[in-house]
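Take a look at the following structure, please.
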Amino acid sequence: MASSGTVVGYASLIGQNLGKYEVIALIGRGAMGTVYLARDTALNRHVALKVLLGSLARNSELVKRFHSEAQAAAPLRHPNIVQIYAAGIEGGVPFIAMEYVEGEPLDRFLRRQGRVPWQTALYIAQQMADALDCAHRHNVIHRDVKPANILLDSHGKARLTDFGIANVTLQNADLQQNSFVGTLHYMSPEQCGGKNVGPASDLYSLGVTLYFMLAGRLPFDSNSPVTLIKSITNDEAPRLNRIFPDIPDDVARLVAHLMTKDPAGRTANAAVVSRN
């Protein structure tokens, strides 16, 4: 068991047990938690263990929001969504145990590779569209689709993770009022404006992710959040095939359609994106 006192340091759980989970190594850090490789001693399998440490673990609102990831993603069963196994608090440490994907986040892959061939980008985007279709059919909006939340395994299969700021659209509609959560560069115009968001917002973020894969850079960028929000809200992204002639027109058209400013003008749903 982990100590019941304050846990200090990102690697301080290595070699300890968190309930039935034996912590083996540090994998990385997320927006709200630290992720470890651990072994489920009861089932003898590796898991990814996301935990809150130190002052974060003592913040009841943060803990509630942290565990909302498990609540949002637990019902989702799809080969392109990281499966949630369990959630709880052990020794004062809130945790989520989830499927361990041996590979790397898409953002790290893109930093190493730069822009990727359009066929590769579409292959990854199609899998993400399938994952979002599953989430949306369960009334879950991810709200933070971006390369850092897409995991690539050793076979190139992609999985969507980190539903920590997702909202269940029907049961928790009140939580959507005046929400401003997500990663600014990938936010839809309506999300930037603090408006209610639906499945179309996730499709916009998927479009930005696809743009980044194809171009090796973001469609809108600025050191000033205010300027960035203005660009996302008002400016049109450069058409991809005008910058890179190797990108087919129908691919550039799909990206532009996903990134349409008006949610009603975007692709109808994630299933349509996958079929295209």
query: Should Val208 and Phe244 be regarded as members of a common hydrophobic cluster, given that ILVMFWY residues are connected when their side-chain heavy atoms come within less than 4.5 Å of each other, either directly or indirectly?
result: yes
Exercise. Under the criterion side-chain contact (heavy atoms from CB on, under 4.5 Å), which of Asn269, Ile141, Asp133 is the partner of Pro199?
Worked result: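 For Pro199, the side-chain contact (heavy atoms from CB on, under 4.5 Å) check succeeds only for Ile141.
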Heavy-atom side-chain contact between Lys261 and Glu236 under 4.5 Å:
yes
Query raised in the report: Should His257 and Val272 be marked as a side-chain contact (heavy atoms from CB on, under 4.5 Å) after you check the CA-CA gap, both sets of side-chain angles, and the distance that decides it?
Result: CA-CA 12 Å; His257 199 185; Val272 173; over 6 Å; no
Practice prompt. Please check if atom CZ in Arg77 has more than 12 non-hydrogen atoms from other residues, nucleotides or ligands closer than 6.0 Å.
Written response: yes
Salt-bridge test for Lys146 and Asp107: reply yes if a basic N is under 4.0 Å from a carboxylate O, no otherwise.
-> no
### Query
Of the non-hydrogen atoms in Gly156 and Leu152, which two are nearest, and what is the gap between them?
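Closest heavy-atom pair between Gly156 and Leu152: O-CD2, 4.3 Å.
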- Thr209 side chain reached by Leu106 side chain, heavy atoms, under 4.5 Å: yes
Does Tyr21 reach the side chain of Asp40, with side-chain heavy atoms less than 4.5 Å apart?
yes
message: Measuring from atom CZ of Arg39 to atom CG of Asn44, what distance do you get when rounded to the nearest 0.5 angstrom?
response: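 Reported to 0.5 Å precision, the distance equals 5.0 Å.
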key: Pair Phe220 + His185: ring centers closer than 6.0 Å   =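 Phe220 vs His185: aromatic centres not under 6.0 Å.
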Evaluate whether atom CD of Gln113 has more than 12 neighbouring non-hydrogen atoms of other residues, nucleotides or ligands under 6.0 angstrom away.
yes
* To do: With side-chain contact (heavy atoms from CB on, under 4.5 Å) as the test, would you mind laying out the steps for Leu122 and Leu210 before giving the verdict?
  => CA-CA 8 Å; Leu122 286 185; Leu210 186 51; 4.3 Å; yes
> Any side-chain donor-acceptor pair under 3.5 Å between His136 and Asp202?
Replying inline: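 Yes, side-chain donor-acceptor contact under 3.5 Å.
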Interatomic distance, CG@Asn80 vs CD1@Ile124, rounded to 0.5 Å, equals 11.0 Å
OG1 (Thr227) and CD1 (Ile232) are apart, to the nearest 0.5 Å, by 11.0 Å
One should read off an interatomic distance between Gln127 CD and Lys157 NZ, to the nearest 0.5 angstrom, of 7.5 Å
Exercise. Which heavy-atom pair separates Met259 from Pro219 by the least distance, and what is that distance?
Worked result: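 What the structure gives for the nearest pair is CE-CG, 3.6 Å.
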Spacing of Leu203 atom CG and Thr267 atom OG1 [to the nearest 0.5 Å]:
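Atom-to-atom, Leu203:CG and Thr267:OG1 are 6.5 Å apart.
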Under-4.0 Å salt bridge between Glu190 and Arg266: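 Answer for the salt bridge query: yes.
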- prompt: Atom OG1 of Thr161 and atom CD of Glu99: how far apart are they, to the nearest 0.5 Å?
  reply: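 It is 9.0 Å, given to the nearest 0.5 Å.
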